Amino acid sequence: EISTMNAVTSLVLDHFENSHHLYQLGMLSQEQWESDEAQLREFFVDREFALDRWNDKKATYRKSFVTAVDSAIQEPDTNK
């Protein structure tokens, strides 16, 4: 079960990293990135395993994405 949760968490993070990269390239609107960022923030709510996985593996992601995720985790969702 833990390996499944880790795999799913990695897939979710990979999706959002892709989205963040597209946003940085100008291929994703700011509105869409803000929506994705809110979903990413929600993903970590009450999911200690997701935070643990992120902290264990964030060195494998692009630095700009790490900064974006760490900021999103620490900030309240202002889009609600």
Side-chain angles (χ1 to χ4, degrees):
E1 184 175 301
I2 290 174
S3 63
T4 299
M5 290 190 319
N6 282 339
V8 169
T9 300
S10 290
L11 286 171
V12 169
L13 291 170
D14 290 352
H15 163 77
F16 285 116
E17 183 182 33
N18 232 4
S19 181
H20 181 259
H21 188 63
L22 291 173
Y23 171 67
Q24 286 187 317
L25 293 173
M27 299 175 73
L28 191 71
S29 70
Q30 181 172 347
E31 180 181 31
Q32 182 59 53
W33 170 245
E34 288 172 357
S35 173
D36 285 354
E37 188 178 38
Q39 291 174 50
L40 178 62
R41 189 179 295 111
E42 186 68 26
F43 177 71
F44 285 103
V45 172
D46 296 327
R47 290 190 174 97
E48 192 67 33
F49 69 88
L51 278 171
D52 290 345
R53 181 72 174 171
W54 170 247
N55 287 321
D56 287 345
K57 298 295 180 181
K58 68 182 177 180
T60 66
Y61 291 94
R62 291 176 305 107
K63 289 180 183 181
S64 60
F65 180 66
V66 170
T67 300
V69 173
D70 285 345
S71 293
I73 290 170
Q74 293 178 11
E75 295 174 9
D77 188 351
T78 56
N79 293 324
K80 286 186 177 179

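The chain is numbered in sequence order, starting from 1. Fair warning: this is a prediction, and the values are worked out from it, not measured in the lab.
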Say whether [X] and [Y] are linked into one hydrophobic cluster, either directly or through other cluster members, by side-chain heavy-atom distances under 4.5 angstrom.
X	Y	value
Leu13	Leu22	no
Val8	Leu51	yes
Val66	Tyr23	no

Quick check: do [X] and [Y] have side-chain heavy atoms less than 4.5 Å from each other?
X	Y	answer
Asp36	Leu28	yes
Ile2	Phe49	no
Leu25	His21	yes

Return the [atom1] to [atom2] distance between [X] and [Y], rounded to the nearest 0.5 Å.
X	Y	atom1	atom2	result
Thr9	Lys57	OG1	NZ	12.0 Å
Gln39	Glu42	CD	CD	9.5 Å
Leu40	His15	CG	NE2	9.0 Å
Gln30	Glu37	CD	CD	9.5 Å

Kindly give the heavy-atom pair with the smallest separation between [X] and [Y], and that separation in Å.
X	Y	value
Ala72	Arg41	O-NE, 3.1 Å
His20	Arg62	ND1-NH2, 3.1 Å
Trp33	Ser19	CE3-OG, 3.7 Å

Taking Asn18 for its side chain and Asp14 for its backbone only, find out whether a donor-acceptor pair lies under 3.5 Å.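 No, because the side chain of Asn18 does not come within donor-acceptor range (under 3.5 Å) of the backbone of Asp14.
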When Val69 is tested against each of Phe44, Phe43, Phe16 for side-chain contact (heavy atoms from CB on, under 4.5 Å), which residue passes?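 Of the listed residues Phe44, Phe43, Phe16, the side-chain contact (heavy atoms from CB on, under 4.5 Å) partner of Val69 is Phe44.
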Sequence neighbours left out, what passes salt bridge (Lys or Arg N to Asp or Glu O under 4.0 Å) with Lys58? Give chain and number order. Asp70
